[in-house]
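As structure tokens, the structure follows; a few thoughts come after it.
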Amino acid sequence: MTAPFSSSKTDLFKKAPTRRTILTGLAGASLLGFKTAKAANPSGSITPSSVVSQPARAWGAQAGPSFLPDPDVLFLDPSFKDLTYFAAPIRRVWDQGGWLEGPAWSTEGRFLVLSDVIRSRALRYTWETGEISDFRPDSYAANGNCFDFTGRLIVCEDFFRRVVRWEHDGSVKVLADRYNGQGLNSPNDVVPHPDGSVWFTDPGYGTNLAEGHPDAPGGPTNLDGKIRWNIGRELIGEIGGTKRQADHVFRVAPDGTLTAVLQEKDIRDPNGLCFSPDYKKLYVVSTPKAPGQSVGGDQAIHVYDVKDGTLSNGRIFSTMQLNGVQMNPDGIRVDVFGNLWCGASGPLGLCGVMVFNPVGKLIGRIRLPQGCSNLTFGGPKRDHLFMCAAGSLFTLQVGVQGFAPS
């Protein structure tokens with residue numbers, strides 16, 4: 001789609017320059033590591049503002065015209081160029097949230113569903129207008145969302161510690177709320193499988209005052225019983241679990257059978273998860289310790305082989321080390337070519353989105369002013385990346401399509 005890059009500046013400007021050839025040339029120079037003032041900043045020019053510049057890049061209505069290619073889209077390998085669109089800037093489209101999570105794209109409705117976990121709101125981003133509105137005024141501290149292969153919305157509710165599915169007739173079906181006679185912790189992220197099953201992670205991040213509710217007295221997050229765990233909201237303890245149990249990754253079979261495909265001994269604090277495009281692999285993120293734990297996860301991305309609803313051959317896909325810093329991964333998605341896009345928190349300048357090829361090589365980054373909690377591909381062509389970062393929602397048009405229904 002873009003003109004081939006020539007490393008010779010003479011060749012680049014030999015013909016009458018166009019907007020496309022100029023921008024493509026600049027993007028190619030970045031790929032090849034041309035960072036000198038002569039190559040990137042001719043006499044009289046300045047370096048565009050970015051997340052790491054002083055003053056820092058402005059966002060929203062204060063952003064002004066966007067410089068292209070975007071200085072916060074970083075090419076670490078030439079292959080990342082094929083996954084981006086040279087004329088697309090990162091945009092902050094909303095910044096009035098508390099803690100945003102769980103973005104999921106509705107192909108039929110042409111809207112994005114996302115969760116404001118700490119404010120217990122389900123939100124909707126409308127494609128045609130770019131507006132954010134209430135999807136449901138009370139989400140019960142929903143976290144992860146996804147649409148299944150028939151367009152039904154599946155939601156992880158931290159408050160009721162369960163996973164539910166909204167049916168086409170408007171009714172709600174509880175898919176999972178107990179395991180081995182005990183209530184769940186706080187289902188975090190969820191993905192569908194084409195065989196009709198639903199897979200979700202169940203760490204304990206919602207077992208606190210801010211997101212869901214603490215345990216009943218004696219539970220791991222309220223051992224001495226001093227926290228008044230059942231005030232402020234209706235139905236606390238009447239629906240869903242009341243005491244934290246071990247971490248699990250679960251599979252809900254089409255007939256409703258709930259199976260633990262991974263246990264805490266296999267992976268601590270499982271968080272984001274997604275399948276590879278052929279559904280032969282499951283990627284699972286491990287994150288730091290949750291409330292009520294003394295030891296947390298290893299902050300790596302793990303990958304498992306999938307066969308007949310079971311997992312095997314667990315291994316590290318990425319340690320999430322960047323420039324000697326341990327990053328904290330969170331939500332993950334894959335594109336149609338199997339590249340993995342991971343939201344990550346860490347120091348300013350390093351946090352944002354990290355992009356890995358199918359063999360685990362880091363090929364690109366998207367810098368954001370806050371850590372990225374979750375992300376998904378959306379838009380009518382599924383070529384826009386939606387990124388939740390603290391209380392803000394960012395978008396970036398890319399050069400590849402997302403995989404999976406939502």
Any side-chain heavy-atom pair of [X] and [Y] under 4.5 Å:
X: Leu311; Y: Leu282; answer: yes
X: Arg57; Y: Asp72; answer: yes
X: Lys289; Y: Arg268; answer: no
X: Gln370; Y: Phe394; answer: yes
X: Leu385; Y: Arg382; answer: no

### Query
Hey, what do you get for OG (Ser345) to CG (Leu350), rounding to the nearest 0.5 Å?
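Between Ser345 OG and Leu350 CG, I get 11.5 Å after rounding to 0.5 Å.
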### Task
Report the distance from atom OG1 of Thr201 to atom CG of Asp189, rounding to the nearest 0.5 Å.
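If we round to the nearest 0.5 Å, Thr201:OG1 and Asp189:CG are 5.5 Å apart.
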Aromatic contact, [X] with [Y] (centres under 6.0 Å):
X: Phe377; Y: Phe386; value: no
X: Phe356; Y: Trp341; value: no
X: His384; Y: Trp127; value: yes
X: Phe111; Y: Trp105; value: no
X: Tyr279; Y: His193; value: yes

